Amino acid sequence: MNILVVKDYEEMSEKAAHIVVGKILSKPDSVLGLATGSTPIGLYRKLMDFYNCGLVSFAETITFNLDEYIGLSADCSQSYAMFMKNNLFNHIDIKRENCNIPSGTINDRSKECQYYEKKIKAHGGIDLQILGIGRNGHIGFNEPDVKFEAQTHIVKLDEQTIFDNARFFERSEDVPKSAISMGIKTIMQSRKIVLLASGKEKADAVFGMVKGQITPKLPASVLQLHPNVTLIVDEDAYSKINNNK
Ligand code: GLP
């Protein structure tokens, strides 16, 4: 694992944007795997800046998001589909038909899971996957005790995740209890992975991911087995590793 320790959120976002823009410049029709949450918002802002300066175009880029809440339609304000529109897609020249997010409202969920996997494969797989990390070590919505062989699947959200994500909802009861998420296998099939982590509250998860045992109890630890992972981590999120040197 290639580890870049940076000063703060700003520098993390900038470094990540450089990797993404470099990828798009070398391969404009890159397939990007995208994440939601507070962590990648700064990266998305930087991508908009690069686009606004005329340095990059996303006109040929394809994206696949990691996950979506079950029960939230794409036009619901808390859906990840809406998050992506508000934080990136509406501000760059990406074609809407090239932006893929699993549906949280389709009746036949297992068909949707298979369809999503097939679509990723039909585009030749993910070139560059962006990840955040949950405080419990989840990636996407792959919660502790996930099966490492899982592909896109329906997951029951962990109590910790529901608690953490309640900040995006009016009431904590409104947080959906399940989601559709790319699986660990889907993520591991990406050619390159960039995981972003910022803030003290991520220090335990980052420590476990980098220094801990490889275990489904901390899903991100599986990334120790991927040949091309870059962790961009700020000093706060890296603090537990630094303190244990
Ligand atoms: C969410 C998402 C993850 C994200 C994580 C961390 O639940 N499903 O993809 O990485 O939680 O979120 P944040 O960046 O807001 O800390």
Side-chain angles (χ1 to χ4, degrees), residues 6 8-10 12-13 16-17 20 32-46 63-72 76 78-84 86-88 100-104 113 116 126 128-146 150 152-169 172 174-184 186-188 190 193-209 218-223 229-234 236-239:
V6 295
D8 53 17
Y9 182 84
E10 181 70 16
M12 175 196 77
S13 305
V20 175
L32 300 182
L34 297 180
T36 51
S38 319
T39 309
I41 290 179
L43 155 66
Y44 297 153
R45 287 211 189 102
K46 301 272 175 200
T63 64
F64 283 90
N65 261 77
L66 282 164
D67 45 19
E68 180 59 282
Y69 288 113
I70 291 294
L72 300 193
C76 167
Q78 278 92 5
S79 72
Y80 282 164
M82 192 56 90
F83 174 98
M84 289 310 301
N86 291 340
N87 288 293
L88 184 66
N100 300 283
I101 301 184
S103 166
C113 293
Y116 204 63
I126 293 171
L128 172 58
Q129 174 69 57
I130 303 297
L131 294 177
I133 185 168
R135 282 203 297 157
N136 60 4
H138 76 215
I139 45 177
F141 266 137
N142 291 286
E143 300 285 29
D145 293 324
V146 66
T152 299
H153 63 314
I154 305 297
V155 294
K156 191 174 163 299
L157 299 181
D158 210 59
E159 284 304 318
Q160 166 106 69
T161 302
I162 293 172
F163 175 82
D164 287 347
N165 289 2
R167 69 189 193 278
F168 296 111
F169 292 79
S172 58
D174 296 340
V175 185
K177 306 287 179 282
S178 56
I180 176 169
S181 176
M182 278 186 202
I184 295 291
T186 326
I187 293 169
M188 288 296 280
S190 311
I193 296 174
V194 172
L195 189 144
L196 308 179
S198 166
K200 278 229 168 351
E201 64 282 7
K202 299 293 171 70
D204 285 332
V206 168
F207 182 81
M209 169 177 61
L218 197 140
S221 64
V222 76
L223 299 176
V229 176
T230 297
L231 164 64
I232 310 180
V233 55
D234 71 8
D236 283 344
Y238 201 68
S239 55

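Atoms within a ligand are numbered from 1 in the order they appear, just like the ligands themselves. It should be emphasised that the depicted structure is a prediction, and the values quoted were computed from it without experimental measurement.
The distance from ligand 1 to the heavy atoms of N165 drops below 4.0 Å at these ligand atoms: 1 (C), 7 (O). Close approach to T39 involves these atoms of ligand 1, each under 4.0 Å from a residue heavy atom: 13 (P), 14 (O), 16 (O). The distance from ligand 1 to the heavy atoms of G132 drops below 4.0 Å at these ligand atoms: 10 (O). Annotation for ligand 1: atoms under 4.0 Å from non-hydrogen atoms of F141 are 7 (O), 8 (N). Those atoms of ligand 1 that come under 4.0 Å of a heavy atom in D67, given as number and element, are 8 (N), 9 (O). Near Y80, meaning under 4.0 Å from any of its heavy atoms, are these atoms of ligand 1: 1 (C), 2 (C), 7 (O), 8 (N).
Taking distance alone, with nitrogen or oxygen atoms compared against 3.5 Å, G140 approaches ligand 1 more closely than that limit.
For the pair L218 and M209, the tightest heavy-atom approach, listed with the atom from each and the gap, is CD2-N, 3.7 Å. Here the closest non-hydrogen pair linking H138 and N142 is CB-O, 3.0 Å.
In terms of protein heavy-atom proximity, atom 6 (C) of ligand 1 is nearest to I133 O, 3.5 Å. The nearest heavy-atom contact from the protein to atom 11 (O) of ligand 1 is H138 NE2, 3.1 Å. In terms of protein heavy-atom proximity, atom 16 (O) of ligand 1 is nearest to K202 NZ, 2.6 Å. Atom 12 (O) of ligand 1 has its closest protein heavy atom at G37 CA, 4.0 Å. In terms of protein heavy-atom proximity, atom 4 (C) of ligand 1 is closest to T36 O, 3.8 Å.
Counting non-hydrogen atoms of neighbouring residues, nucleotides and ligands closer than 6.0 angstrom, the NZ atom of K177 exceeds 12 such neighbours. Atom CZ of F168 is surrounded by more than 12 heavy atoms from other residues, nucleotides or ligands within 6.0 Å.
Y80 places no side-chain N or O within donor-acceptor distance of the main-chain N or O of A35, the cut-off being under 3.5 Å. Side-chain N or O atoms of Q160 include none that pairs as donor or acceptor with a backbone N or O of N136 at under 3.5 Å.
A salt bridge does not link E10 to R45: none of the charged nitrogens lies less than 4.0 Å from a carboxylate oxygen.
With a 4.0 Å heavy-atom cut-off, ligand 1 is reached by the side chain of R167 but not by its N, CA, C or O. No part of Y69 comes within 4.0 Å of ligand 1, judged by heavy-atom distances. Within the 4.0 Å heavy-atom criterion, neither part of D164 lies near ligand 1.
Of the candidates I180, T152, T36, I101, D67 forms a side-chain contact (heavy atoms from CB on, under 4.5 Å) with just one, namely T36.
Ring orientation note: the planes of F141 and Y69 are tilted relative to one another, at an angle of 30° to 60°.
Interatomic distance, CD of E68 versus CE of M82, reported as 10.5 Å (0.5 Å rounding).
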